[in-house]
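To start, the structure under review is shown below, and the notes come after it.
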Number of protein chains: 2
Amino acid sequence: MRIGELSERTGTPRRLLRYYEEQGLILPDRCANGYRSYDERLVDRVLQIRGLLDAGLPTRIIKQILPCLDKPRVIHFSDATAEMIATLVNERDRMTQRIECLTRNRDAISEYLDAVLSNNTAR
Amino acid sequence: MRIGELSERTGTPRRLLRYYEEQGLILPDRCANGYRSYDERLVDRVLQIRGLLDAGLPTRIIKQILPCLDKPRVIHFSDATAEMIATLVNERDRMTQRIECLTRNRDAISEYLDAVLSNNTAR
DNA sequence: CTGAACCCTCACATGGATGTGAGGCCGAAG
DNA sequence: CTTCGGCCTCACATCCATGTGAGGGTTCAG
C-alpha cells in the first residue's frame with residue numbers, strides 16, 4: 001500500500017510516516033516510480049510506534065526495542081550485546097514504573113469520577 | 001523548605017520546579033525575602049508530576065487532574081463542570097490505553113530477555 | 001567586611017515530535 | 001493533451017520540556 005492509505009488506516013499524518021522512516025523505525029519498499037510501498041503489517045507496527053511515543057518513549061528507544069518484538073525471535077540473537085541487554089532491562093524497568101504511575105493516577109481519577117457522578121445523580 | 005532542598009530531594013533541576021510553578025502545577029509560598037518556600041508534601045507532588053510527564057502527559061492535562069487527587073475530595077466538587085468531567089473521562093481512558101500499550105510491550109521485552117538470557121547461560 | 005553559597009528574574013538556546021508549504025514528478029480520467 | 005490527485009524532497013516553523021547563563025539580591029561564616 002502507498003503512504004496515503006497507510007496514513008488513513010493508522011490515523012497518522014504522512015509527514016510522520018516519513019519521519020518514522022527517517023528515524024529508522026520503519027523501512028518501506030520503493031516502487032519503480034519512487035513511491036513508498038508499505039507492507040500490510042506496517043499498519044500494526046505504526047500503531048505500536050504511536051502508542052509508545054504517546055507513552056513517552058523517544059524514537060531512539062523505540063527503534064531499539066522494536067526488533068525484539070518480532071515473532072521469529074531467534075533471528076535477533078545477534079543483536080544481544082551486553083549493552084543492548086542492559087538497555088532493554090533498563091527500559092523494561094522504566095516502563096514498569098510508568099505503568100505503576102499511570103495506574104495509580106488513573107485509579108484516583110476513576111475514584112474521583114465515581115464520587116462526583118454518584119453525588120450528582122444523588123442530588 | 002527552599003528550592004535547593006526540594007530539588008535535591010526530588011532529583012529535579014531548580015529550573016523545572018520554577019517551570020512547574022509557572023504552569024500552575026505547584027504554588028509555593030514566598031518568604032519575606034522573596035525566596036520560594038515549599039511545603040513538605042510538595043515532595044510527593046513533584047515526584048507525581050515528573051512521573052506523569054515521563055508517561056507522556058502534558059503539563060496542561062496534569063494541571064487539570066492534580067486537584068482531583070487530593071484527599072478531601074469533597075472540596076473540589078465545584079470544579080466538576082460538564083466539560084471538566086468529559087476531560088477527565090477522556091484522560092482516564094487515554095491513560096488506560098497507555099497502560100495497555102506499555103504492558104504489552106514490556107511483557108514482550110521481558111519474554112525476549114528471558115529467551116536471550118536462558119540461551120546465553122545454556123551455551 | 002568579604003566571600004561563598006544560596007536565592008531571584010529574565011531571556012535566549014536546544015532537542016524531539018509535529019505542522020505547513022513550496023516546487024516538482026507520476027499516472028489515471030476527461 | 002490537460003487536469004487533478006497523490007507522491008516526492010526539502011526546508012522552515014511551532015510547541016513543549018529542558019538547559020544555560022547573565023545580572024543581581026540575601027545570608028552566614030570567617
Side-chain angles (χ1 to χ4, degrees), chain A residues 1-39 42-43 45-66 87 91 94 97-98 101-102 105, chain B residues 1-39 42-43 45-66 91 94 97-98 101-102:
Chain A
M1 99 194 64
R2 287 179 306 177
I3 200 171
E5 186 181 344
L6 184 60
S7 170
E8 273 186 17
R9 289 176 60 184
T10 61
T12 308
R14 295 159 165 78
R15 169 73 172 88
L16 291 184
L17 294 174
R18 300 196 185 101
Y19 175 67
Y20 300 153
E21 176 181 351
E22 189 183 305
Q23 301 303 307
L25 303 185
I26 51 183
L27 189 50
D29 292 336
R30 294 289 181 144
C31 300
N33 58 11
Y35 287 11
R36 274 164 257 255
S37 169
Y38 297 90
D39 185 284
L42 287 182
V43 173
R45 166 131 312 195
V46 167
L47 292 174
Q48 185 181 24
I49 291 171
R50 303 222 94 206
L52 290 171
L53 278 172
D54 184 59
L57 282 79
T59 53
R60 201 187 76 253
I61 298 298
I62 297 177
K63 179 178 177 177
Q64 293 188 289
I65 70 179
L66 276 183
T87 302
E91 287 307 317
R94 289 200 56 187
Q97 284 177 230
R98 276 185 257 243
C101 175
L102 284 170
N105 285 283
Chain B
M1 96 194 65
R2 287 180 306 181
I3 201 172
E5 186 181 345
L6 184 60
S7 170
E8 273 186 16
R9 289 176 60 184
T10 61
T12 308
R14 293 145 213 261
R15 169 74 173 91
L16 290 185
L17 294 174
R18 302 196 184 101
Y19 175 67
Y20 300 153
E21 175 181 354
E22 189 183 305
Q23 301 303 306
L25 303 186
I26 52 183
L27 188 51
D29 292 336
R30 293 291 181 143
C31 301
N33 58 11
Y35 288 11
R36 275 164 256 255
S37 169
Y38 297 90
D39 184 283
L42 287 183
V43 173
R45 166 132 314 197
V46 167
L47 292 175
Q48 186 182 23
I49 291 171
R50 304 221 94 206
L52 289 171
L53 277 172
D54 184 59
L57 281 79
T59 54
R60 201 188 76 253
I61 298 298
I62 296 176
K63 178 179 180 178
Q64 295 189 288
I65 71 178
L66 277 184
E91 286 307 318
R94 287 198 57 186
Q97 284 175 232
R98 275 185 257 245
C101 176
L102 284 169

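Reminder, nothing fancy here: chain letters follow the sequence lines and each chain counts from 1. Source: prediction; values computed, not measured.
Computed from coordinates, the A:Arg14 CZ to D:dC8 C1' distance equals 12 Å when rounded to whole Å. The interatomic distance linking A:Ile3 (CD1) with C:dC26 (C1') rounds to 15 Å, in whole Å. At whole-Å resolution of the value, CD in B:Glu22 and C1' in D:dG19 are 15 Å apart. Rounded to an integer number of Å, the gap from B:Glu21 CD to D:dA17 C1' is 17 Å. Following rounding to the nearest Å, B:Arg2 (CZ) and D:dC28 (P) show an atom-to-atom distance of 8 Å. Taking atom CG of B:Leu25 as the reference point, atom P of D:dA17 lies 9 Å away to the nearest angstrom. The separation between A:Met1 atom CE and D:dC7 atom P is 12 Å, rounded to whole Å.
Judged purely by atom type and a 3.5 angstrom limit, B:Arg98 uses its side chain to pair as donor or acceptor with the backbone of A:Asp54. Under a 3.5 Å cut-off, the side chain of B:Ser37 and the backbone N or O of B:Asp29 do not form any donor-acceptor pair. Remark: the backbone N or O of B:Leu6 is paired with a side-chain donor or acceptor of B:Thr10 at under 3.5 angstrom.
Heavy-atom contacts from other residues, nucleotides or ligands closer than 6.0 Å to CZ of B:Arg60 number 12 or fewer. The neighbour count for A:Glu8 CD, taken as heavy atoms of other residues, nucleotides or ligands under 6.0 Å away, does not exceed 12.
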Can you give one letter per nucleotide of nucleotides 11-17 of chain C, 5' to 3': B if a protein heavy atom sits under 4.0 Å from the base, S if only from the sugar-phosphate, - if neither?
-> B----SB
Steps toward side chain to side chain contact (heavy atoms under 4.5 Å, CB included) verdict (A:Thr59, A:Ile49) | CA-CA 8 Å; A:Thr59 53; A:Ile49 291 171; 6.0 Å; no
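Using a 4.0 Å heavy-atom cutoff across all strands shown, A:Arg18 reaches at least one base atom of the nucleic acid.
A residue-by-residue look at B:Asn33 and B:Pro13 shows that B:Pro13 has its nearest nucleotide of DNA chain D further toward the 5' end.
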